[in-house]
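To find a chain, count down the sequence lines: A is the first, B the second, and so on, and within it residues start at 1.
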Amino acid sequence: MTIAEQGDASRLPWADGVYSIKRHGTSLTNCDSEPVQAPGCIQSHGALVTARLSDLTILQVSENSEQYLGAVPERLLGQPLGNVISSEHEIRLRSMIENDSIEGNALFAFTHPARADMAPLDVCVHTMSGVLILEFESSSRGADPLLHPAGDFFTSVRAAVTRMQSTTGQLAFCDRIAREVRTITGLDRVMVYRFHADNHGEVVAESKLDELAPWLGLHYPEADIPKPARDIYQRIWIRPVPNAAGPLIELVPLANPDTGKPLTMTYCSLRGASVMYTEYLANMGVGASLTMPILIEGELWGLIACHHRQPTAFPHQMRAACELLAQVASLQLKSSDRIESLEYGLKVEQIHQELVAKAAREGDLLALSDRQPSLLDAMDADGAALYHMDRWWTAGRTPSEEQLDALADWVNLRPEFLSLTRPVFATDMLSREYPEGAGIRDVASGVIAVQVSRLRRDLIMWFRPETIQTVKWAGHPDDKPLVPGPNGMRLTPRRSFELFVESVRNRSLPWTMLEIDAALRLRLLIMDLATSEGERISELNVDLTSSNEELDAFAYVASHDLKEPLRGIHRYAHQLLESADTIGALNRGRMESLMRLTLRMDSLLDSLLHYSRVGRTNLEFEAVDLNDAVADALEMVGVRRHPSDVGVVFERPLPTVLCDLVRVREIFSNLISNALKYNRDPHPRIEVGYLRPDEPGPRPNMPAEALGETIYYVRDNGIGIEARHHEQIFRMFKRLHGRDEFGGGVGAGLTVVKKVVSRHGGHVWLDSTLNHGTTFFFTLPSLAQPNRNRE
Amino acid sequence: MSRTDHVLVVEDNDDDFETVTEAVRRAGITNQLRRAVSGTECVEMLVELLERGSTLPALVLLDLNTPNADGRDALLQIRANSNLAVIPLVVISASANPRDITTAYSNGANAYHIKPVNHATHLEILQTIFTYWINQAVLPTHRSLSR
């Protein structure tokens, strides 16, 4: 299969054949679509020959073969490899194929003898999917005066490694790497380039010629080292481009004649460099580059990037030395990276502990708003805000109080806060979920938020600004004027910066797992503090908890023990009625009353037990669609079964509210069942609806405390309630009617409604005229006032 | 076990045991009824049956709140003994505490019923239990095990 057959390749310029950078490279507009691993070309400082692995017949030859091997490609193709190399070297090659693992692993094989006007050539060899690949390169740096005396690389590497191992601290270590690599290579500039979590890079160490402008501390957008290039660096240890401006040499033929496929050149050091890359180098005034990856656990941590103003050569031995240094650097950074994040974690934890300890001493969370130490000394953030005692306390750069209010209203509703294990909201692009976030991107593109008291809506938030504003970006228009390249501004650092600015608008540096964990941990520390806020309160809390549990057990035992004799009384009455041969009508009536009374006592006990539990068990808050709650309630009271008798009217669908579904369903089932029960109208009618605080509409008898809340109501056309009874009806076991009128009942329903509403922080009241129906109103602020934004 | 084997009722309250007897009669169940008045006695009776190689009950009806090692412990001990673990075990208790209900099921009770105050309902529940477990449910046959 050719590349043209893959996916949507039809839109690519090489759609009708195999890709070659030489032919198609300059028309590319998107780095991520470039087949960098199969560029169809090599660099000009060597020659490449491929042979069929099974019989060592030559398949492809670079078009410059005459220059290095003394024969044009046409004379070599289809010939045995033995025509190019000596029989002694062919034996060596066969032995390597047999014994060494050279699949995707280029090894030095032998030195091809010098010809008339040519220096000897180093030959590296590897195999790739049934193809043998030989790379011929000059073994010396010729007459380059800047040359490192190609001396004993082994000794220099050993000394370098010893020095590297004796440095402490990550930055010092990176600095040491840069210096050692520069000593060994003699190149103009060596940088250690580190990738951040969002793949943009930063120069963290640099060793260079004095006259060059320093690039240390500059950040480079992700697009400067696109993904295909980053992928390759997870597989190879070195990438030499000794002459960035050199011509590209195409393979003849471009595709493997056996398979029709392009040659995968991932492991070839001669692999042709992307035009995007060489142009970029040229625009920076770089003539040669050498790059080594730093890998930590298979992940690309960074690069050792070397630049030289003039084209140069990277002999095989020097490359081997650099590879080794990169590997040592990878191993050593792995442990130092771990230590560094461990140290950061410890520092954050220590400061957080200190803050909380202070808050504990002072008996107030306000210690968190202190300057010394401050919330900002721990986490790597630019601003922090604490909402406590109904106001904001801030440190560093934060949004304005109005903006914080709006953000808090939104963030308090985040589903993340309902998580039992990780109740934290973290983002590096606030505006993605919160459109108003675009307005505060200069201070709060990145946010971590934790609730430290759900009840009082206390919050802690940390902020990071848009990355673009905080770091020194290479290619930033303010830095220096830059000349356009041969293809215009396309691939200059300036252009890449402009593209980049678009792609990272509204984004901050991402939060690390360590930072998110630290926020969660601080929340726990504070919540511990809150529960033990002052010895007394904490003890009271413990007492209260245990007495709640005892009360719960007591209620069950009491109801159980009280029911035991009731069961006996009921049974004896039952048996008497059944077995007595003759019993007068009067006595039969008395016996039946006795049984009815025991059953009534039974349901009174059940109601009492239920009420005591409603008052004490924890509510479970979740986002509840009230339409579902009402539908369930209607089913519970059996309205569905007689749809023709009862009209249930919804003016409009109800909103979704943060509340305890089971309990709120109970509110509706009690109110609806009362509306039906106390109704003599041949066409009972129930209306369920709500009024938002900003909506006009009558709110009779509304208590002042319900101001600003959404009001829910259940209205009926029933018998109504006299005004003088309005207060009493919420009392336990209070009934306004005869025991057996209106279907009986123990008189606990409204008491439970009132309890459930007040446990949601709301109020319940009514409006009623005798014989003209009743409307019950209630509010469900549920502590987070969710319905304000959700509608 | 088979559906003609005896039924073991663990009940300390004489009135309630009488209700059980009445329900068995009404359900038309002819199985022999044996009674234990505490959880301890129940476990002792079952262990003795095992030791003698006698037939195990087809069903154990267990009241949770009996004296001594009460019904909760009996349930645990029966389920911990691999030879007794297969006996169908139905709890009937005056306790409506959700904790008791959960514990009973997680300790291996096959069903949990609450004793109602209403005598007629009480009889009805017991009748249903016997009809279901003795006449309808398929019971394990572990005669060989008990030998």
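- Classification of Arg596(A) and Glu592(A) as a salt-bridged pair fails, no side-chain N sitting under 4.0 Å from a carboxylate O.
- Between His760(A) and Phe621(A), the distance from one ring center to the other falls under 6.0 angstrom.
- A salt bridge between Arg72(B) and Asp100(B) is present, with a side-chain N of the basic residue lying under 4.0 Å from a carboxylate O of the acidic one.
- Salt bridge absent: Arg35(B) and Asp12(B) never bring a charged side-chain N and a carboxylate O closer than 4.0 Å.
- Within residues 102-113 of chain B, no residue approaches chain A closer than 4.5 Å by heavy atoms.
- Ranked by heavy-atom pairs shorter than 4.5 Å toward chain B, the options Arg571(A), Met595(A), Glu564(A) are led by Arg571(A).
- The part of Glu18(B) that comes within reach of chain A is its side chain, from C-beta onward, which places non-hydrogen atoms under 4.5 angstrom from that chain.
- Under a 4.0 Å N-O distance rule, the pair Asp606(A)/Lys563(A) qualifies as a salt bridge.
- With Arg665(A) as the fixed residue, the salt bridge (charged side-chain N to carboxylate O under 4.0 Å, His left out) test singles out one of Asp628(A), Asp632(A), Asp625(A): Asp632(A).
- Between chain B and the options Leu609(A), Leu605(A), Leu599(A), the largest number of non-hydrogen pairs under 4.5 Å is found for Leu599(A).
- Using a 4.5 Å heavy-atom cut-off against chain A, the contacting residues of residues 91-98 of chain B are Ala94(B), Ser95(B), Ala96(B), Asn97(B), Pro98(B).
- Residues meeting the ring-ring contact (aromatic ring centres under 6.0 Å, His included) test with Phe668(A), sequence neighbours left out: Phe778(A).
- For the set Arg567(A), His574(A), Gln575(A), Met601(A), the count of heavy-atom pairs under 4.5 angstrom toward chain B peaks at Arg567(A).
- A salt bridge is defined here as a Lys NZ or Arg NE, NH1 or NH2 lying under 4.0 Å from an Asp or Glu carboxylate O, and Asp63(B) with Lys115(B) meets this definition.
- In this structure, His570(A) has no ring-ring contact (aromatic ring centres under 6.0 Å, His included) partners at least two apart in sequence or on a different chain.
- Under the 4.5 Å side-chain criterion, counting only non-hydrogen atoms from C-beta, Asn31(B) is not in contact with Phe130(B).
- A salt bridge links Arg26(B) with Glu578(A): the closest approach of a Lys/Arg side-chain nitrogen to an acidic carboxylate oxygen falls below 4.0 angstrom.
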